[in-house]
There are 2 protein chains.
Amino acid sequence: MRSVHHPTLDDLRLPDVLHALSDPVRLDIVGHLASAGGEECACGALCTSVSKSTLSHHLKVLREAGITRTRANGTHRLVSLREDELEQRFPGLLGSVLGAVRT
Amino acid sequence: MRSVHHPTLDDLRLPDVLHALSDPVRLDIVGHLASAGGEECACGALCTSVSKSTLSHHLKVLREAGITRTRANGTHRLVSLREDELEQRFPGLLGSVLGAVRT
DNA sequence: CTCATCGTTCGATGCAACTCGAACGTTAGC
DNA sequence: GCTAACGTTCGAGTTGCATCGAACGATGAG
């Protein structure tokens, strides 16, 4: 597959991150990823409420905002949270969002 | 003046708060309010890069998301952050955003 | 090689958001 | 009252975003 682009930490911008997190579907995806802890979550398992093209779009938004990392594994993709990196770039942000999402 | 509506803490929703914070102009406004500490900031002093109608729109978005409080004082309005209430509803969220905005 | 699976991309659609200027209250002061 | 200052609301224009189905590539299995 063609390798997908992941922004570096310095390229992350706060408005983009907040915008990526402001959509209920994406917030749900991030919540699932967080509760999975490590690296996993094939795309199809992340959200069943939207079509696969819509899901692909949301994963792209999250990836380009720097929130998730996607790597290929055979015919499917594994998506994971860039939790440690985000903590370094925007300390406490993801943690507080994840805390708030469980309400 | 007709009193404006402010949502109660229970009515605040995370996606709305994140969306309100995802716009650079509004993020700038929130940053100014935070650096002011207490209650002040007449609307006109918050942002000079947009027209007054646009500024009014952004302040409405912030207010309806539960991020700011607006009260009338004669011919102008005083806007303040609902910092303590937000901390209670979404612990750590506003603090981490304010920390990230100073970058 | 062929085929099924998984995900991306494309094109289109509908809706929401940002922006502005103009017009409209509201209020304070004269 | 009249006027000036401040902010909101309205109408309009432009843009961006979420969503879907269909078509396309890439990969592993048989």
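Per chain, numbering begins at 1; letters A, B, ... match sequence-line order.
- Toward the 5' end of DNA chain D, the nearer of the two residues A:Gly74 and A:Lys52, judged by each one's closest nucleotide, is A:Lys52.
- Remark: B:Thr75 is not in phosphate contact with D:dC6, judged by side-chain N or O atoms under 4.0 Å from OP1 or OP2.
- When the side-chain nitrogen and oxygen atoms of A:His58 are compared with OP1 and OP2 of D:dT19, one or more of them lie within a distance under 4.0 Å.
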Practice problem: Kindly determine whether B:Leu18 and A:Leu27 satisfy side chain to side chain contact (heavy atoms under 4.5 Å, CB included), including the steps that lead there. | Solution: CA-CA 10 Å; B:Leu18 294 173; A:Leu27 215 43; 4.3 Å; yes

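- In terms of phosphate contacts, B:Thr54 brings no side-chain nitrogen or oxygen within less than 4.0 Å of OP1 or OP2 of C:dT19.
- Between B:Arg26 and C:dC18, a side-chain N or O to OP1/OP2 separation shorter than 4.0 Å is present.
- Between the NE2 atom of B:His19 and the P atom of C:dA16 there is a distance of 12 Å, rounded to whole Å.
- The interatomic distance linking A:Asn73 (CG) with D:dA29 (P) rounds to 11 Å, in whole Å.
- The separation between B:Leu55 atom CG and D:dC6 atom P is 13 Å, rounded to whole Å.
- A donor-acceptor contact under 3.5 Å is formed by the side chain of A:Ser53 with the base of D:dG21.
- A donor-acceptor distance shorter than 3.5 angstrom exists from the side chain of B:Ser22 to the backbone of B:His19, with no hydrogens or angles considered.
- Separating the NZ atom of A:Lys60 from the P atom of C:dG7 is a distance of 17 Å, rounded to the nearest angstrom.
- As a whole-Å value, the separation of A:Ile29 CD1 from C:dG7 P is 12 Å.
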Quiz item: Would B:Val101 and B:Asp28 satisfy side chain to side chain contact (heavy atoms under 4.5 Å, CB included), going step by step from the backbone distance to the final call?
Solution: CA-CA 8 Å; B:Val101 88; B:Asp28 189 56; over 6 Å; no

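- In this structure, NE2 of B:His57 is placed 13 Å from C1' of D:dT15, rounded to the nearest angstrom.
- For the 3.5 Å distance criterion, the side chains of B:Thr54 and B:Ser51 qualify, holding a donor opposite an acceptor.
- A:His5 places its NE2 atom 14 Å from the P atom of C:dT9, with the value rounded to the nearest Å.
- Atoms CD (A:Glu64) and P (D:dC17) sit 11 Å apart, rounded to a whole Å.
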